[in-house]
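Residue numbering restarts at 1 for every chain, and letters A, B, ... go by the order of the sequence lines.
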2 protein chains.
Amino acid sequence: MGRGGRERNGHAGARALDVAALAGVSTATVSRAFNAPEKVAPEIREKVLKAAAELGWMPHPAGAALASRRTWLAGVLIPTLDNDVFASQVGALQTRLSADGVTVLIGCSNYDADQAANQVRIMLARGVEALAVVGESHRPGFFETIAGRGVPYVVTYSHRPGSPHPSVGFDNAAAFRRIARHLLELGHRDFGLIHQPSIDNDRVLARLEGLRTTLAEEGVALRPQHVREGPVSIAFGRQSLRSIMEAPGPRPTAVVCGNDALAIGALIEARALGIGVPEELSITGFDDVAMAEQTDPPLTTMRVDNAEIGRRAADYLLACLAGRQPPPPPPLESRLILRASTGAAARSA
Amino acid sequence: MGRGGRERNGHAGARALDVAALAGVSTATVSRAFNAPEKVAPEIREKVLKAAAELGWMPHPAGAALASRRTWLAGVLIPTLDNDVFASQVGALQTRLSADGVTVLIGCSNYDADQAANQVRIMLARGVEALAVVGESHRPGFFETIAGRGVPYVVTYSHRPGSPHPSVGFDNAAAFRRIARHLLELGHRDFGLIHQPSIDNDRVLARLEGLRTTLAEEGVALRPQHVREGPVSIAFGRQSLRSIMEAPGPRPTAVVCGNDALAIGALIEARALGIGVPEELSITGFDDVAMAEQTDPPLTTMRVDNAEIGRRAADYLLACLAGRQPPPPPPLESRLILRASTGAAARSA
DNA sequence: CAATCAGATGTAAGCGCTTACATAGCACTT
DNA sequence: AAGTGCTATGTAAGCGCTTACATCTGATTG
């Protein structure tokens, strides 16, 4: 500005000073009446609140943030809200943080590491005090940038033993080892796999690794012609199952799917092809969405409590903000839900 | 503070002044190098950027917001993220706003008007510059509070002709009139209805009204024993269909559902009960979720482009922020998707 | 060659609030 | 009566940045 005058502040609303004047107190008291009511005599507090209401005043966020060095903002970075799994995680996180007065700012990476970095940069520029990010496959320096600003963070949806980051999630590799063991125990030796894009996606990569390793221990390998990678959709599940079953050579007796949407697609297509599930073909999903128990046959899948991930992430961050140095949260358990889409391997492939 | 001294600023990071010193320029130039690069000579800009990188500096959001009176924050209020419909709306909104540098802050009301008011209060206290809120059934003064702070807003997911608020959505009543007409044309006279909770929910209320009115025009009334209101879930859809079909008296030949989850539940239960769809019973949904075309038989439903709602809401708000006075956005069309779950009414009820 | 002008940079006044410290008032002690 | 604690309130110094205006430098022009 430079000028002495802005006397009549062009526009906008009341300032703390106006409220103070109207209430006949100082701005310090106005501030305290709002931020530390117990430090202000009840009748004065009343007066201040009344004056504020009359002027429609509320502390200006930027002024407050600047002076108090608190923004009460936390950020969450997810691939997309179009996936229930992340949506419910964010929902639970928001609910929990909101209860402690922290507001959630959201960023979507669309499964792209550059967008992820960019969204986080912007959230930091908006003053987030804590951050929850899905996964740990990010650009080099990604976590350093966050930590460098003194912002506590937590990785969600995966929990890799040995990861240097605090994380709230489950062990994706272990979850798929569990699925693999289940099918091996049923006698399956010929497997198919339909999964989501794995690029920049540590969760998917860990799952594939868990599956492959466990199969390999029994001397079983996935044939490339029985593996499909593509978008998460019922349609892709259908089309993949069909092309897998049409591939030359012996058919798989079990098809493992990266999530329930793909598995439901596979199930629908198997029915359309007249392939009996589970007599001829076992199919597994992942997530245990609501629909999974309603399919025909109901889907064997892994259950993960996504809302719980959000809640724990929130609790962890809240503890960090409170200045405590919480221990890294323990991994969550994923649980195999046995339903009728898996059964003993057919005699011959 | 009061003291002269905080000489060595206890903690934290570099300030614009430090960057300025390192780069050998004034803070004004530092600021310009970041916010209006074209106003700074290229070589000086370089120097500033280098100095900033070296110190790990980034404009402090509160300082910037205070001085510039811009927060680049927008809020979105929805009932819950657990519903795809809202999740995809928020996702699209976020994507669009983010492209213009606006970050999205999220609040969930859990379908409760008090929580809605509270969340909005908090978002205003965090400095949102624009707001998208689902629905217009809110506490008295809700919109006045927002408008009173000069914050532009838009109502989403409903578009009631005659509403005083700018809104981006479709006409819920008209959509259900359309469904009703479809079924009436197929000869149905006995209707059932399974719908979500209607309290504080103008969208649901409008739908019920559209349905009832259209049926009434043909002299048809919904029998209370054929109406169920409850949670949005496949399970509630199943259980409702069963109890409707078990109710004494003539059975409905068509059951209208408030959304696809309920309809899918109804469909599954009909199959379980051995009731032929559509020969004996027609069932309709709403939303056209991915699963709707995969059910057996595929579900007749209304398609609404939720992402488009988010996008248009974002565009409208962006235009407001740009100082334009955009015309209120036109309503979206919802479209009846005819599939095999509806058919001619059975001869006798 | 002086005058004019445009562009680049610096100067410094806030933006509106919080909070450390000072102070005033009051009730008790001793 | 003076001293001792408290508590409730006021004082005023920033928090870190942006930006209007002033200034300076060169280039352009008549």
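Within residues 144-151 of chain A, no residue is approached by DNA chain C to less than 4.0 Å at the level of any non-hydrogen atom. Within residues 31-40 of chain B, the residues having any heavy atom closer than 4.0 Å to DNA chain C are, in order of number, B/Arg32, B/Val40.
The distance from atom CZ of B/Arg45 to atom C1' of C/dT9 is 14 Å, rounded to the nearest whole Å. The CH2-C1' distance, from B/Trp72 to D/dT18, rounds to 14 Å in whole Å. The CD-P distance, from B/Glu46 to C/dA8, rounds to 16 Å in whole Å. Here D/dC17 presents its P atom at 15 Å from CZ of A/Arg126, a figure rounded to the nearest Å. Atom pair B/Lys47:NZ and C/dT9:C1' shows a separation of 12 Å (rounding to whole Å applied). One can place CZ of B/Arg70 at 23 Å from P of D/dG16, the figure rounded to the nearest angstrom. Taking atom CG of residue A/Leu17 and atom P of nucleotide D/dT11, one finds them 11 Å apart after rounding to whole Å. The nearest whole Å value for the distance from the CD1 atom in B/Ile44 to the C1' atom in C/dA8 is 8 Å.
For A/Thr29 and D/dT9, the shortest distance from a side-chain N or O to OP1 or OP2 is not below 4.0 Å.
Screening residues 137-159 of chain B for salt bridge (charged side-chain N to carboxylate O under 4.0 Å, His left out) gives B/Asp114-B/Arg139 as the qualifying pairs, with residues at least two apart or on separate chains.
For the atom pair CG of A/Asn35 and OG of A/Ser68, the computed distance is 7.5 Å after rounding to the nearest 0.5 Å. In this structure, OG1 on B/Thr80 lies 8.5 Å from CZ on B/Phe86, to the nearest 0.5 angstrom. Rounded to the nearest 0.5 Å, atoms CE (A/Met123) and CZ (A/Arg121) are 11.5 Å apart. For the atom pair OH of A/Tyr157 and CD1 of A/Ile309, the computed distance is 6.5 Å after rounding to the nearest 0.5 Å.
Checking D/dT19, D/dA12, C/dG14 against the side-chain heavy atoms of B/Ala67 singles out C/dG14 as nearest. Looking at the side chain of A/Arg69, the nearest of the listed nucleotides D/dG10, C/dT9, D/dG16 is D/dG16. Listed candidates were D/dA12, D/dC17, C/dT9. Nearest to the side chain of B/His60 is D/dC17. In the set D/dG16, D/dT9, C/dT9, the nucleotide with an atom closest to the side chain of B/Ala41 is C/dT9. Nearest nucleotide to the A/Trp57 side chain, out of D/dG10, C/dC17, D/dT19: C/dC17.
The neighbour count for A/Gln325 CD, taken as heavy atoms of other residues, nucleotides or ligands under 6.0 Å away, does not exceed 12.
A side-chain contact (heavy atoms from CB on, under 4.5 Å) with A/Arg32 holds for exactly one of A/Val48, A/Ile44, A/Val40, A/Val25; it is A/Val40. Each of B/Thr71, B/Leu97, B/Leu93, B/Leu317 was checked for a side-chain contact (heavy atoms from CB on, under 4.5 Å) with B/Val102, and the lone residue meeting it is B/Leu97.
Comparing B/Ser26 and B/Leu66 against DNA chain C, the residue whose closest nucleotide sits nearer the 5' end is B/Ser26. Residue order along DNA chain C, read from the 5' end via each residue's closest nucleotide, puts B/Thr27 first among B/Thr27 and B/Gly63. Residue order along DNA chain D, read from the 5' end via each residue's closest nucleotide, puts A/Glu43 first among A/Glu43 and B/Ser68.
At the heavy-atom level, A/Ala28 lies under 4.0 Å from base atoms of the strands shown. Among the heavy atoms of the strands, none lies under 4.0 Å from A/Val30.
The existence of a salt bridge linking A/Lys50 and A/Glu46 is excluded, since no basic side-chain nitrogen approaches an acidic carboxylate oxygen closer than 4.0 Å. In summary, B/Asp315 and B/Arg312 do not engage in a salt bridge, as defined by a charged side-chain N under 4.0 Å from a carboxylate O.
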